[in-house]
Amino acid sequence: MDPLLELVGITKVYPGVTALDDISLCVGRGEVLGLIGENGAGKSTLMKILGGVETPTAGTIRIDGKDHATLNVNESMRAGIGFVHQELNLFDNLDVASNVCIGREPRRFGLVDRKQARARVAPLLERLGADFGPDTAVEGLSIAQQQLVEIAKALSIDARVIIMDEPTSSLTLRETERLLRVIAELREGGVSIIYISHRLGEVKSCANRVVCLRDGRIVGELAGEAISHATMIRLMIGRDLKALYIPPEAEPRQGGCELRGVITPGFPNRPVNLVIRAGEILGLAGLVGSGRTSLARAIFGIDRISTGQILLDGTPVDITSPRQAIRHGMYLVPEDRKRSGLIMEMPVVENITLASLGVYARMLLVNRNSELAASQTQRTRLTIRAPGDQTQVVTLSGGNQQKVVLAKWLSMQPKVVIFDEPTRGVDVGAKNEIYILMRELADRGVAILMISSDMEEVIGVSDRIAVMHEGTISGILERPQFSEYNVLHLAIGQELEMAEAQ
């Protein structure tokens, strides 16, 4: 292999913590290197060093045979290292060309030369197979299209190594397939890719080699036929995981949540009829824009339903606000936990007790001892890895942040819990813990609605799958009927043609 990028003995020590310990790896020209590991394994720190954001304590970065003890951001860009971050870094109020050229705008007579900018960006978009032009407003683009803008931005600096950090976390299955085709084309064009993802199926599909980090060290490398789901998991967590599907302890019980003719504001004249049985995990699948999150928001009272009924344990309930939903024991774990599920600057204990402060208050004063006792109980129950109850949530990994959201509701005796993309940005070990927790809740008689764009997850975890298309339920699948074909068939609005998965 002809190495384009080499890291030799990279070490990063923070006060009291060794984040990276003697990391040595290389990336060949036109190679896709999968970088895997649980949250906290050191992947982000290593990439920040490559991007010039962090300075290594020791080691050497070698690019095209030239050694660098450290890089700053500009040096990293000049060396041809580009980033496509999980959190897209675009300006919605600007067009595509302005975003791609930001900070490096071509100028004429001291003014930005927009014609030249568009001319510079157009061939990049063509190379990526984009279906929009350089003068398109970014605010009108889908997440997948914005992802292409980020890749175009990396290519505009003549990037020879593009680091993609969870690039498909917000993409549909079809958009993911398109991105993987783009990656294959970039690889054929000699561009090297470092692909970081918790979605191991994607890593297997696109990576030539896989390197695994655990606790700041490289614990293994896989190549070719040796790359498999099981071997990657074993490297990441040091043990095998059980199959995703955990059978229920008993049949679903009487009760749960029923929707009768519910119409949400975004889909007039598209009624939803759905039963979420107590004691089951009902997966809700569908393409982006099919109405899944809109339905979740309506059930939780964020959006008012236009017409129809919501029944809880057979009794109609009037839910016009989240407060009312919470009073009925109906809770939502939102898709965007940072914006809608947590107050990031507050400590763990206050996030856990925030929705139920009345339980811990006496004479309008919060009893801090009972609040801390509840927090400690939930931290132990959910194995939330945090230095203490007063630790700010913003410092926790994605998996532990998600567990804090769950802890908030589990302390309040739930009857119905809606999980909207419950494992987005969560590592494989934490995913498994969340799946086990969901099954434990269902076995206690809680009705679980799990919205997921991860096909492996929705097929592997659900007892039944409801599929949405254009705001209504297009079909329900029982476990013998589970297959990607059947889910996608219903998701595009076609009638199911087969009784069982092939």
Side-chain angles (χ1 to χ4, degrees), residues 1-14 17-37 40-86 104 150-151 153-167 183-197 203 206-224 226-227 232 235-236:
M1 178 180 64
D2 180 18
L4 171 62
L5 170 68
E6 295 177 85
L7 303 178
V8 183
I10 296 294
T11 298
K12 179 63 179 179
V13 178
Y14 296 102
V17 178
T18 300
L20 296 173
D21 187 3
D22 195 24
I23 298 291
S24 294
L25 61 84
C26 63
V27 183
R29 300 175 195 276
E31 178 186 37
V32 178
L33 177 71
L35 186 62
I36 62 173
K43 304 187 300 296
S44 294
T45 303
L46 187 60
M47 294 305 103
K48 287 177 181 177
I49 287 173
L50 264 180
V53 177
E54 295 278 3
T55 302
T57 305
T60 301
I61 302 167
R62 186 173 297 143
I63 303 172
D64 261 346
K66 181 180 179 181
D67 288 354
H68 305 264
T70 184
L71 295 170
N72 61 36
V73 174
N74 288 331
E75 288 170 340
S76 176
M77 292 174 62
R78 284 197 296 269
I81 298 174
F83 276 80
V84 178
H85 297 279
Q86 179 180 1
R104 298 171 290 107
E150 286 281 18
I151 298 174
K153 191 193 300 183
L155 293 177
S156 72
I157 63 167
D158 296 322
R160 294 176 295 164
V161 179
I162 299 179
I163 299 165
M164 296 188 178
D165 186 6
E166 297 289 349
I183 290 171
E185 290 166 4
L186 291 173
R187 179 181 63 194
E188 290 173 5
V191 177
S192 302
I193 309 286
I194 299 178
Y195 192 89
I196 304 170
S197 180
V203 176
C206 71
N208 304 106
R209 286 187 303 127
V210 173
V211 169
C212 180
L213 296 185
R214 192 192 322 149
D215 298 327
R217 299 183 181 90
I218 292 179
V219 294
E221 180 179 314
L222 303 168
I227 302 172
M232 285 189 283
L235 284 176
M236 288 172 69

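Bear in mind the structure is a predicted one, so any value in this text is a computation, not a measurement.
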Kindly compute the distance separating [atom1] ([X]) from [atom2] ([Y]), expressed to the nearest 0.5 Å.
{"X": "Thr45", "Y": "Lys43", "atom1": "OG1", "atom2": "NZ", "answer": "9.5 Å"}
{"X": "Leu5", "Y": "Leu33", "atom1": "CG", "atom2": "CG", "answer": "9.0 Å"}
{"X": "Glu221", "Y": "Ile227", "atom1": "CD", "atom2": "CD1", "answer": "9.0 Å"}

Tell me, please, which residues at least two apart from [X] pass side-chain contact (heavy atoms from CB on, under 4.5 Å).
{"X": "Glu185", "answer": "none"}
{"X": "Ser197", "answer": "Glu166, Tyr195, Arg199, Glu202, Val203"}
{"X": "Ala159", "answer": "Ala154, Ile157, Ile162"}

*Among Val32, Ile183, Ile194, which residue meets the side-chain contact (heavy atoms from CB on, under 4.5 Å) test with Met164?*
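So, applying the side-chain contact (heavy atoms from CB on, under 4.5 Å) to Met164 and each of Val32, Ile183, Ile194, only Ile183 qualifies.
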*Using the side-chain contact (heavy atoms from CB on, under 4.5 Å) rule, pick out the option among Val13, Leu7, Asp215, Ile49 that qualifies with Leu20.*
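Running side-chain contact (heavy atoms from CB on, under 4.5 Å) over Val13, Leu7, Asp215, Ile49 with Leu20 returns exactly one hit, Ile49.
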*Do any pairs count as a ring pair (Phe, Tyr, Trp, His ring centres under 6.0 Å) and have a residue in residues 43-83, sequence neighbours left out, and if so which ones?*
Phe83-His85
*Write out all pairs satisfying side chain to side chain donor-acceptor pair (under 3.5 Å) with one or both partners inside residues 54-67, taking only residues at least two apart or from two chains.*
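For residues 54-67, and leaving out neighbouring residues, the side chain to side chain donor-acceptor pair (under 3.5 Å) pairs sorted by first residue read Tyr14-Glu54, Arg29-Asp64, Arg62-Asp67, Asp64-Arg160.
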*Sequence neighbours excluded, every pair satisfying side chain to side chain donor-acceptor pair (under 3.5 Å) that has a member inside residues 17-26*: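 Found Asp21-Arg217.
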Side chains of [X] and [Y]: does their closest heavy-atom pair fall under 4.5 Å?
{"X": "Val211", "Y": "Leu222", "result": "no"}
{"X": "Met47", "Y": "Leu35", "result": "yes"}
{"X": "Leu213", "Y": "Ile36", "result": "no"}

_Does Ile61 form a side chain to side chain contact (heavy atoms under 4.5 Å, CB included) with Ile10? I'd like the steps, not just the answer._
CA-CA 8 Å; Ile61 302 167; Ile10 296 294; 4.1 Å; yes
*Does the pair Leu186 and Ile193 meet the rule for a side chain to side chain contact (heavy atoms under 4.5 Å, CB included), with working shown?*
CA-CA 8 Å; Leu186 291 173; Ile193 309 286; 4.2 Å; yes
*Is Arg209 salt-bridged to Glu31, going by a charged N under 4.0 Å from an acidic O?*
yes
*So Ile63 and Ile81, side chain to side chain contact (heavy atoms under 4.5 Å, CB included) or not? Walk me through it.*
CA-CA 10 Å; Ile63 303 172; Ile81 298 174; 3.9 Å; yes
*Closest heavy-atom contact between Ala69 and Pro56?*
O-CG, 3.4 Å
*Yes or no on side chain to side chain contact (heavy atoms under 4.5 Å, CB included) for Met77 and Arg104, after CA distance, side-chain angles and deciding distance?*
CA-CA 12 Å; Met77 292 174 62; Arg104 298 171 290 107; 4.2 Å; yes
*Worked check of side chain to side chain donor-acceptor pair (under 3.5 Å) between Arg187 and Ser192*: CA-CA 6 Å; Arg187 179 181 63 194; Ser192 302; over 6 Å; no
